[in-house]
Amino acid sequence: MGQSTSEALEAKAPEPFIRVTDLSKSYRAKSTITHALDKTSFTFRRGEFLSVVGPSGCGKSTLLMLISGLTQPTTGAVEIEGERVKSPISDVGIVFQEDLLAEWKHTIDNITMQGAFRKIPKDRLRRRAVELLDMVGLSEFADVYPHELSGGMRQRASICRAIVHEPPLLLMDEPFGALDAMTRDQMALDIQTLLEGLGTTVLFITHSISEAVLLSDRVLVFGPPPGRIVDELVVDLPRPRHLSVRETPEFAAITGRIRSRLEDMGVIRDRAETRPGALYSTAGGQ
Amino acid sequence: MAETLAQGAASRDGFPPDAGEDPRRPRVETIKGKRSFRRLLRELGLYLLPVIALFVVWKLAILIFDIQRFLLPQPEDVLATLWESRQLLMEESWVTFQESLWGFLLAVGVAIPVAILLTFSALAARTIYPVLVISQVVPKVAIAPLLVVWMGFGMTPKILLAFLVAFFPIVVNTATGLNDLEPKMIYLARSMGASTWQTFTRFRLPSSLPVFFAGLKVGVTFAVIGALVGEFVGAGKGLGHLTVIAMGSLNTELVFASIVVMAAIGVAMYVAIELLERLLVPWSRSRRLEQMGA
């Protein structure tokens with residue numbers, strides 16, 4: 001099913017794959033209303049790797065929930081292939097910050113679990129799962145329970161699960177957020193390898209400016225809450241990108257622009273540039 | 001920074017796993033195979049050690065404080081009584097065992113649907129929880145005579161008492177277990193196309209098993225106590241009844257012998273649940289061992 005849909009989608013390539021129009025989302029608690037996302041509009045091309053960078057609470061995660069149809073917007077709409085998203089879409093892979101592996105299933109079964117409710121032939125899925133595990137160096141760990149895996153290995157397995165059925169759309173919500181810096185670097189490289197040649201459209205949500213630039217075709221910068229797009233940058237560095245690209249002036253120019261944009265918005269203040277705790281700040285906080 | 005890059009570059013080709021994540025699986029296997037027998041021996045030894053220590057202290061206490069036989073019999077006399085009265089003890093313990101087992105099974109059978117109700121209905125949670133807590137804090141010893149008056153000297157009031165005592169820990173643990181699922185897991189399941197029912201059976205249920213079994217283990221030992229309380233208060237059969245009779249004739253050896261058998265029933269039922277857990281929840285078992293550093 002996943003494949004036939006993606007073939008159908010390829011036929012109408014020129015149209016934007018996803019169109020987000022005037023999307024707002026407010027959450028109502030007992031006595032307060034939180035505006036998580038405010039009239040956001042943008043489009044994705046098919047096969048585009050799009051990152052969203054912004055401070056905590058700027059509605060990045062809300063955006064992912066809305067695009068996947070797991071929650072419904074307060075106003076506005078998400079259209080995939082011209083069709084409005086009204087209920088959870090299933091032609092998708094999702095990676096959250098938590099790996100969310102099922103502790104009671106072996107690594108490989110965690111990955112093939114993706115097909116359990118979609119009626120994909122089990123042997124085909126399994127073959128693909130073995131391939132993916134091999135690509136991320138987890139072959140030896142196919143038949144162990146997740147508690148025997150390290151944090152980075154678990155998240156790698158989780159990414160394999162999200163793409164094993166070759167969905168046209170991959171949504172990732174700070175997938176490396178819980179990992180240490182070196183593992184994050186490795187994960188960034190692994191993501192590129194895994195997605196090579198698949199033509200998957202990716203929405204990648206992150207706190208890390210350099211990770212966003214390293215991986216993306218385009219970066220959307222979100223301002224302080226309620227979330228709005230404050231800048232948009234095309235990253236036309238050649239692919240495949242190695243970690244060393246981060247030392248090039250071109251790379252630095254892009255990350256520099258994002259950083260200064262966030263500084264302008266009062267999201268980042270100079271006294272503590274990358275400490276996540278310091279990212280909280282109100283709009284007029286300067 | 002330079003080191004980070006070098007590391008990243010070094011492990012790029014063909015993606016050998018990161019440092020500290022080398023393919024150690026075969027090694028893990030062999031260690032497991034070799035260890036299990038030795039571990040079993042060690043575990044047995046660890047179980048026997050306190051029993052032996054208890055015997056020694058027991059003997060010493062009698063010697064040092066010159067305790068009368070009808071107050072505290074010699075351990076070997078208790079062992080002798082265990083052997084001589086084995087027929088009687090077997091008969092009585094069979095009754096106690098049945099009462100405990102039925103009470104326990106009844107508790108499990110009622111606790112599971114109640115726990116599911118508690119998980120899925122906020123209204124049910126609000127109305128049922130107070131009843132549960134009250135049923136737990138009312139001392140069972142106090143209502144045991146009432147139950148006997150109402151239901152006679154047969155097995156029914158004991159089964160009911162076993163049920164009442166075992167029910168609470170099982171229902172609370174089952175409900176906790178069912179709520180153990182990471183909320184985002186439900187989103188993930190829905191994005192995979194799982195229905196509400198599939199989310200329940202394929203995600204919520206399996207993830208609840210470790211905590212569920214923890215509840216069963218507490219519950220099963222409680223069930224034995226419940227049945228015995230019932231027998232103490234009024235019965236024609238059972239180990240509790242036997243103890244009361246033996247106490248009345250100051251047959252302390254028999255009292256001690258039946259206490260030993262009571263404990264054995266509790267241990268046996270506990271072990272049975274633990275074996276079942278190893279069988280059904282191997283992933284939880286191995287995780288626990290790892291945490292213990294075994």
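Lettering of chains follows the sequences in order, A, B, ..., and the numbering in each one begins at 1. No experiment lies behind these values; they were computed from the predicted model shown.
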Between Met113(A) and chain B, which part of the residue has a heavy atom less than 4.5 Å away: side chain, backbone, both or neither?
both
Counting heavy-atom pairs under 4.5 Å with chain A, which one of Ser195(B), Ala189(B), Ser207(B) comes out on top?
Ser207(B)
Leu100(A) versus chain B, the contacting section by heavy-atom distance below 4.5 Å:
both
Suppose we screen for side chain to side chain contact (heavy atoms under 4.5 Å, CB included). Which residues come up paired with Val218(B), at least two apart in sequence or across chains?
Pro169(B), Phe222(B)
Between CE of Met192(B) and NE2 of His165(A), what distance do you get to the nearest 0.5 Å?
7.5 Å
Is chain B contacted by the side chain of Gln114(A), its backbone, both, or neither, given a heavy-atom distance below 4.5 Å?
both
Any side-chain heavy-atom pair from Phe96(A) and Glu182(B) closer than 4.5 angstrom?
no
Taking every heavy-atom pair that is under 4.5 Å apart, which of Lys184(B), Arg190(B), Arg202(B), Gln198(B) has the most such pairs with chain A?
Lys184(B)
Classify the ring geometry of Trp104(A) against Phe203(B): parallel below 30°, tilted from 30° to 60°, perpendicular beyond 60°.
perpendicular
Is atom CZ of Arg84(A) surrounded by more than 12 heavy atoms (other residues, nucleotides or ligands) closer than 6.0 Å?
no
Pick whichever of Val95(A), Thr71(A), Val92(A), Ile94(A) has the most heavy-atom pairs under 4.5 Å with chain B.
Ile94(A)
In Å and rounded to the nearest 0.5 Å, what is the CG to CG distance from Leu101(A) to Leu188(B)?
9.5 Å
To the nearest 0.5 Å, how far apart are CG in Leu64(A) and OH in Tyr187(B)?
11.0 Å
